[in-house]
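Predicted, not measured: the structure shown is a model, and the values here were computed from it.
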Amino acid sequence: MGSGQMLITIGAIVLLGSIILTTNRGINGSRNILLYSNIGLESVSLATSTIEEAESKSFDETTILQNDTAVSELTAPSSLGQESGDMDDFDDWNGPNHTGLTQTYNLSTGIYKVLSKVCYVNVGNLQGTSATRTWHKRIDVWVWNTVDTTDKVYMSAIYSYWYFR
């Protein structure tokens, strides 16, 4: 084998090595993108599920048994949260100590934390909170993965009480 053939062989090995390295980098990059996409999808799914579960419950503790309720009979804003550990009305997702309800889920891409808070809102300012009772409550939900703590998913929804006679 001559020196020319040796140089061509060495060049081919270098070219093959660079192609393999580039391919491996692309595969690793795709795996990271896929992982973070799954984390995002699972976070959004958990936030949506939390909101839907809360909205499937009664508006307030007083509206469970009676439909014709006065706004003054609703739960006080300072008392929004779980009454006795049961999850039977919307504001129970404000947590047992009125600091928010934190739940933990162990899914395929890691451990997720879900924090939800409930407050009264006025129709004129749905982003703010109301210090008085109204017919509208907002749930705010934050979801984050313990693997990727830099990204948090935030969702909110307004739940209103309507009673038709």
Hphob cluster co-occupancy, Ile39 + Met155, side-chain heavy atoms under 4.5 angstrom: yes
Salt bridge present between Lys137 and Asp60 (N-O < 4.0 angstrom): yes
Value rounded to 0.5 Å, distance of OH in Tyr36 from CZ in Arg31: 14.5 Å
side-chain hydrogen bond (donor to acceptor under 3.5 Å, both in side chains) partner of Tyr112, the single match among Asn145, Asn106, Thr146, Thr104: Asn145
Ring geometry between Trp135 and Tyr161 (parallel below 30°, tilted from 30 to 60°, perpendicular above 60°): parallel
Cation-pi, Trp144 ring and Lys152 (6.0 angstrom, 45 degrees): yes
Approximate separation, where rounding is to 0.5 Å, of Thr62 OG1 and Glu73 CD: 6.5 Å
For Ser58, the option from Asp88, Asp91, Thr63, Asp92 that meets side-chain hydrogen bond (donor to acceptor under 3.5 Å, both in side chains): Thr63
Polar side-chain atom of Ser37 near backbone of Ile33 as donor-acceptor pair, under 3.5 Å: yes
Flag, side chain of Arg138 to backbone of Ser156, donor-acceptor distance under 3.5 Å: no
ILVMFWY network linking Val118 to Val71, side-chain heavy atoms under 4.5 angstrom: yes
Backbone of Asn38 reached by a side-chain donor or acceptor of Thr109 within 3.5 Å: no
